[in-house]
Amino acid sequence: MADTSDLVLDVKNLKTVFFTNSGLFKAVDDVSFTVKRGETLAIVGESGCGKSVTALSLMRLVSDPPGRIVGGSIMLEGTDLLALDEAAMRKIRGNRISMIFQEPMTSLNPVIRIGDQIVEAVRLHRNLSTKEARNIAVEMLHLVRIPEPARRAREYPHQLSGGMRQRAMIAMALACRPALLIADEPTTALDVTIQAQILALILDLQKELGTGLVLITHDLGVVAQTAQRVIVMYAGRKVEEASVEALFAAPKHPYTRGLMASIPAVPAPGIAAQERLNEIPGTVPSLVRLPKGCAFAPRCKLAVKRCEAEYPPLADWGGGHLAACWRAADVAEVA
Amino acid sequence: MSEVLLEVTDLKKYYPVRAGVLRRQVGTVHSVDGVSFSVGAGETLGLVGESGCGKSTVARSVLRLIEPTSGQIRLDGEDITHLSKTALRPHRRAMQIVFQDPFASLNPRMTAGDIVGEPIAVHGLATGQALEARVAKLFEQVGLRPDQMRNFPHQFSGGQRQRICIARALALGPRLIVCDEPVSALDVSIQAQVINLLIDLQKQHGFSYLFIAHDLAVVAHISHRVAVMYLGRIVEIADKDELFRNPRHPYTQALLASVPIANPLAKKLAPLVDGDVPSPVNPPPGCAFHTRCRFAMERCKTERPVLMEAGDGHQVACLLNDGTGRSQ
């Protein structure tokens with residue numbers, strides 16, 4: 001595809017497993033993707049599909065035991081993160097790659113002032129005096145549009161509203177101007193009007209700073225409004241990848257199609273309200289007892305014998321639109 | 001929707017804020033501040049709003065799970081606001097609730113069958129084999145297998161657990177089911193299953209729903225009429241189609257504009273409101289929304305708008321254009 005010089009992140013065949021009493025979980029199974037400078041890649045899927053473990057793997061934050069990254073490579077700006085020792089990784093984490101989480105209250109230290117938490121992050125990676133770092137902290141709070149940043153910097157997390165806390169998290173994550181930002185459900189805990197503000201903020205800052213963004217979400221609406229490219233995950237595997245336009249225009253995987261049909265739409269002029277939502281029968285399979293073939297086959301209307309026996313490879317349907325489905329060619333026929 | 005089943009008039013619920021060693025009252029949370037609405041027989045009224053707007057407090061007050069500060073709740077024409085616990089008991093059969101979190105609202109030590117059968121046993125409607133047969137029928141109605149009656153809640157998935165909660169709510173043949181964010185904790189593909197189930201059950205039994213959610217799309221799908229709440233008050237109420245086609249309150253407009261649309265070609269996210277919801281401890285005087293409103297005028301800071309008829313049963317509480325809330 002594009003030339004590789006502006007690739008920020010290149011993940012190849014990532015495999016993360018968990019060793020538990022009930023058996024071996026393949027939480028992330030052979031997942032590959034890339035992110036370019038200034039690009040937004042969305043990873044969508046339902047709970048348990050492996051999207052958050054993928055994010056934690058990129059940060060090398062999967063706790064071992066019980067988890068372990070057992071294969072693949074994660075190249076960040078040409079460095080393989082999986083080859084680094086913990087000390088070297090610590091220099092990169094929060095500096096070249098950083099992450100924001102769903103619940104800002106649990107990821108901020110409740111007994112340290114907001115400004116000091118940003119100062120700590122900045123001074124860890126940059127050789128600055130406390131005063132210089134403090135100026136950067138206030139500047140960052142200003143950048144994320146927190147009113148009265150100098151006063152807010154002296155406040156504790158509990159004094160901020162949910163939206164403000166998430167802004168503070170973003171300020172902290174971007175303070176060292178990372179090449180890659182991972183946002184794991186950054187707006188799920190927020191109200192819809194605040195969500196719109198935060199998403200707009202993340203996209204503005206990304207454009208301004210040229211950061212690559214991996215956005216993890218379950219909300220297809222958020223994906224459509226923010227991402228350039230999308231990965232759909234199911235039971236630990238990447239089942240589809242495409243540009244956002246191609247994916248929403250013609251999804252190739254029956255799971256993606258089912259997901260899109262199952263979300264209710266806000267009625268708008270010209271769009272008739274659906275009588276009944278399209279449901280995907282059954283539930284997500286347990287990762288311990290995955291079927292031999294396609295993990296989605298038991299819930300799939302199109303499933304044939306082959307789907308149960310053989311896992312479908314990712315095939316290119318043109319323009320980098322990848323889908324792992326034996327029946328991808330017939331998906332469009334079935335409503 | 002001719003027959004009115006539930007009528008709520010000027011419902012208020014205030015909570016004291018206490019501080020200091022002497023626990024002196026230092027303020028009041030205006031959780032619900034004068035809410036009136038009605039739900040017709042067989043109708044679904046959706047109640048939307050952001051966190052802290054008082055929608056769950058309304059739900060619980062309607063069922064008398066919490067005692068309202070003032071106001072009136074009439075079920076089938078009878079005032080149940082001040083009934084004693086014993087006097088209320090026969091009415092409890094008529095109204096049930098389904099909570100958001102199916103993990104927290106089921107007793108982990110009871111079997112699914114016992115959970116669903118408990119209300120029937122408590123009201124002394126059936127025992128022994130008759131009870132078991134009724135529970136088995138309820139399981140079938142909500143799409144569970146009767147042989148799952150012996151399983152415990154942890155053996156079910158989230159969606160199945162919500163089905164158990166629905167079966168429990170159905171057990172006494174209610175006329176009103178209050179659903180407090182019933183699908184918010186579920187994955188999208190499961191959410192669709194539960195919403196379809198709720199709609200199917202209503203078609204079969206003809207009961208009413210008071211459906212509370214923060215997700216506008218879900219509310220739009222299931223409701224006949226929709227009320228929008230902001231800081232303890234209803235700011236707009238209308239038929240579903242009318243509300244979404246022609247939102248009149250600036251807050252409703254902002255809410256609708258904030259919903260990310262699952263179509264990359266559709267208009268991009270445009271946040272129409274800045275800032276956060278003010279604290280309900282000291283809600284702004286006048287119109288509570290004036291601090292975030294694009295159209296706020298001087299009047300809005302002092303005058304409190306009341307719900308006014310704006311045609312076709314569309315009511316809106318906004319001072320713009322003499323209460324019709326028309327923004328253009």
Side-chain angles (χ1 to χ4, degrees), chain A residues 45-49 145 147 160-164 187 190-201 203 218-228 230 243-245 247-249 255 258-269 273-284 299, chain B residues 48-53 156-160 183 185-197 199-200 214-222 240-241 243-246 251 254-279 292:
Chain A
E46 299 181 285
S47 31
C49 73
R145 297 175 208 151
L160 304 182
S161 68
M164 285 293 168
T187 56
L190 303 175
D191 279 319
V192 57
T193 56
I194 310 294
Q195 163 169 289
Q197 294 171 12
I198 297 288
L199 289 177
L201 174 74
L203 295 186
H218 68 281
D219 188 332
L220 285 168
V222 170
V223 172
Q225 297 295 322
T226 57
Q228 278 102 50
V230 190
S243 72
V244 70
E245 291 84 8
L247 188 85
F248 281 87
Y255 174 63
L259 266 191
M260 284 181 187
S262 66
I263 42 172
V266 173
Q274 324 106 287
E275 232 336 88
R276 244 185 115 70
L277 294 174
N278 198 333
E279 36 185 282
I280 305 179
T283 48
V284 180
R299 303 175 75 189
Chain B
V48 270
E50 298 181 282
S51 40
C53 74
F156 293 89
S157 68
Q160 288 175 323
V183 295
L186 306 176
D187 273 320
V188 230
S189 67
I190 311 299
Q191 184 176 307
Q193 296 173 4
V194 173
I195 293 174
N196 283 342
L197 173 67
I199 294 176
D200 291 347
H214 67 281
D215 187 330
L216 281 164
V218 169
V219 168
H221 189 81
I222 199 166
K240 165 178 74 179
D241 292 329
L243 186 92
F244 285 94
R245 210 171 292 143
N246 186 17
Y251 178 62
L255 265 187
L256 285 174
S258 301
V259 178
I261 301 168
N263 176 0
L265 306 174
K267 68 177 166 57
K268 291 289 171 188
L269 277 179
L272 287 183
V273 284
D274 291 328
D276 292 309
V277 183
S279 153
R292 302 169 79 195

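This one's a predicted model, so the numbers in the text were calculated from it and none came from an experiment. Below, read A as the first sequence line, B as the second, and so on, with proteins coming before strands; counting in each chain starts at 1.
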Per the side chain to side chain contact (heavy atoms under 4.5 Å, CB included) rule, which among A:V244, A:V230, A:L247, A:T226 passes with B:P264?
A:V244
Check each atom of A:V223 against the heavy atoms of chain B and say whether the ones under 4.5 Å are side chain, backbone, both or neither.
neither
Heavy-atom contact with chain B under 4.5 Å, split by part of A:P147
neither
What part of A:E46 lies closer than 4.5 angstrom to a heavy atom of chain B: side chain, backbone, both or neither?
both
Sequence-distant partners of A:S47, side-chain contact (heavy atoms from CB on, under 4.5 Å), two or more places apart
B:D187
Proximal component of A:L259, with respect to chain B [non-hydrogen, under 4.5 Å]
side chain
Under 4.5 Å heavy-atom distance to chain A, tell me which part of B:Q191 shows up: side chain, backbone, both or neither.
side chain
Does any backbone or side-chain atom of A:R299 lie under 4.5 Å from a heavy atom of chain B? Answer side chain, backbone, both or neither.
side chain
Would a distance-only check, ignoring hydrogens and angles, find a side-chain to backbone donor-acceptor pair under 3.5 Å from B:Q193 to A:G282?
yes
Residues which pass side-chain contact (heavy atoms from CB on, under 4.5 Å) with B:S258, listed by chain and number, not counting sequence neighbours:
A:V192, A:T193, A:A196
Within a strict 4.5 Å, meaning less than it, do heavy atoms of the B:D200 and A:R276 side chains meet?
yes
In Å and rounded to the nearest 0.5 Å, what is the CD to CD1 distance from A:E279 to B:I190?
9.0 Å
Using a 4.5 angstrom heavy-atom cutoff, name the option from B:S189, B:S279, B:A220 with the most pairs to chain A.
B:S189
